[in-house]
Amino acid sequence: MSAAKTVVKDGEALAQTAAERFVNLAQDAIKDNGRFSVALSGGSTPQRLHKLLTQAPLKDKVEWSKVHIFFGDERFLPPDDPDSNYYMAQETLLENVPIPDEQVHPFITEGISPETAAEHYAQDIKTFFGDATPSFDLIFLGIGPDGHTASLFPGFPQVTNPPDTLVAPVFDAPKVPPTRLTLTLKVLNAAKNVLFLVGGNSKAEAVAKIFNGDASLPAALVQPEDRLEWLLDEAAAKNLS
Ligand code: 6PG
């Protein structure tokens with residue numbers, strides 16, 4: 001594994017740099033394999049990144065008909081709930097780029113249990129990748145101030161005793177809403193490229209702990225065989241030596 005750290009000035013530079021990474025990785029994957037599979041992260045950090053991808057010049061550099069969108073995690077809410085990661089991605093990116101609907105893979109979060117929803121999503125991933133180990137071309141991740149990533153929270157069973165499954169339901173999460181679905185460490189660590197996008201003072205303590213190897217923070221356990229990059233703004237990187 002090669003882990004890279006890139007520090008940029010502020011949130012806008014963070015979004016711009018991440019959007020350029022998306023474009024470059026998409027172009028490479030589509031050239032090499034005819035498609036680009038990416039898992040988006042939730043929360044607020046990715047929103048500016050998404051919007052930049054819907055605007056020239058970056059929008060025109062992506063062959064959207066060859067892009068396949070998945071989600072690193074999801075809140076167990078209806079898809080039209082403003083707190084849904086799918087809803088956020090629809091609003092900030094997916095409604096504004098020409099990706100075929102069948103190439104967007106939301107979690108099912110209505111009419112079934114979280115456990116069944118996790119099984120369904122794992123099957124969706126297996127169908128897309130075939131028998132091969134699911135290895136996304138790119139997985140975007142954020143972190144919380146507690147060092148969680150996706151919906152993998154400190155001390156939770158998905159972290160302390162990582163399952164062999166691809167997707168896990170999460171209950172009583174400390175970040176509302178409490179019921180969630182998440183890709184497991186197995187999937188995160190099988191990705192070709194993992195890109196953490198971290199901005200703001202509130203993340204600085206967690207970032208320093210992670211870079212000091214504090215394995216109690218879930219984000220520190222994301223160590224893909226291939227390429228890992230931490231994209232930080234100066235505020236989030238301020239406690240790094
Ligand atoms: C979620 C996210 C979560 C997020 C971090 C950072 O569903 O909440 O997937 O892991 O990436 O909590 O969130 P912010 O970008 O809002 O700080």
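Counting convention: from 1, in listed order, for ligands and their atoms alike.
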Just go through Gly142, Gly144, Gly43, Gly72 and tell me whose heavy atom is the nearest to atom 11 (O) of ligand 1.
Gly142
By the definition ring pair (Phe, Tyr, Trp, His ring centres under 6.0 Å), identify the one residue from Phe71, Phe128, Phe70, Phe36 that meets it with Phe136.
Phe70
Which value, rounded to the nearest 0.5 Å, describes the distance between Phe211 atom CZ and Asn239 atom CG?
12.0 Å
Atoms in ligand 1 with a heavy atom of Arg75 nearer than 4.0 Å
1 (C), 7 (O), 8 (O)
Drop me the distance from Ile139's CD1 to Asn189's CG, to the nearest 0.5 angstrom.
8.5 Å
What protein heavy atom sits nearest atom 10 (O) of ligand 1, and how far off is it?
Ala150 O, 2.6 Å
Which residue supplies the protein heavy atom nearest to atom 2 (C) of ligand 1, what is that atom called, and how far is it?
Asp73 OD2, 3.6 Å
For ligand 1, which part of Ile143 has a heavy atom less than 4.0 Å away: the side chain, the backbone, both, or neither?
backbone
How far is atom 4 (C) of ligand 1 from the closest protein heavy atom, and which atom is that?
Lys175 NZ, 3.8 Å
Approximate separation, where rounding is to 0.5 Å, of Leu232 CG and Ile143 CD1:
8.0 Å
For atom 15 (O) of ligand 1, the closest protein heavy atom turns out to be Thr45 OG1, 2.6 Å
Measure the OG1-CG distance between Thr182 and Leu188 for me, rounded to the nearest 0.5 Å.
6.5 Å
Test of proximity, Thr149 against ligand 1: N or O pairs below 3.5 Å
no
Counting only heavy atoms closer than 4.0 Å, does ligand 1 sit against the backbone of Ser151, its side chain, both, or neither?
neither
protein heavy-atom neighbour closest to atom 17 (O) of ligand 1 works out as Lys203 NZ, 2.8 Å
Does atom NZ (Lys59) have a neighbourhood of more than 12 heavy atoms from anything else shown, all under 6.0 Å?
yes
Can you confirm if the NZ or CZ of Arg180 lies within 45° of the ring axis of Phe153 and under 6.0 Å from the centre of its six-membered ring?
no
Would one find an N or O of Ser44, backbone or side chain, under 3.5 Å from an N or O of ligand 1?
yes
Restricting to heavy atoms, the pick from Met88, His148, Gln47 nearest atom 5 (C) of ligand 1 would be His148
Under a 4.0 Å threshold between the charged nitrogen and the carboxylate oxygen, would Lys209 count as salt-bridged to Glu205?
yes
Spacing of Tyr121 atom OH and His105 atom NE2 [to the nearest 0.5 Å]:
7.5 Å
Which part of Glu74 is near ligand 1, with near meaning a heavy atom under 4.0 Å away: side chain, backbone, both or neither?
neither
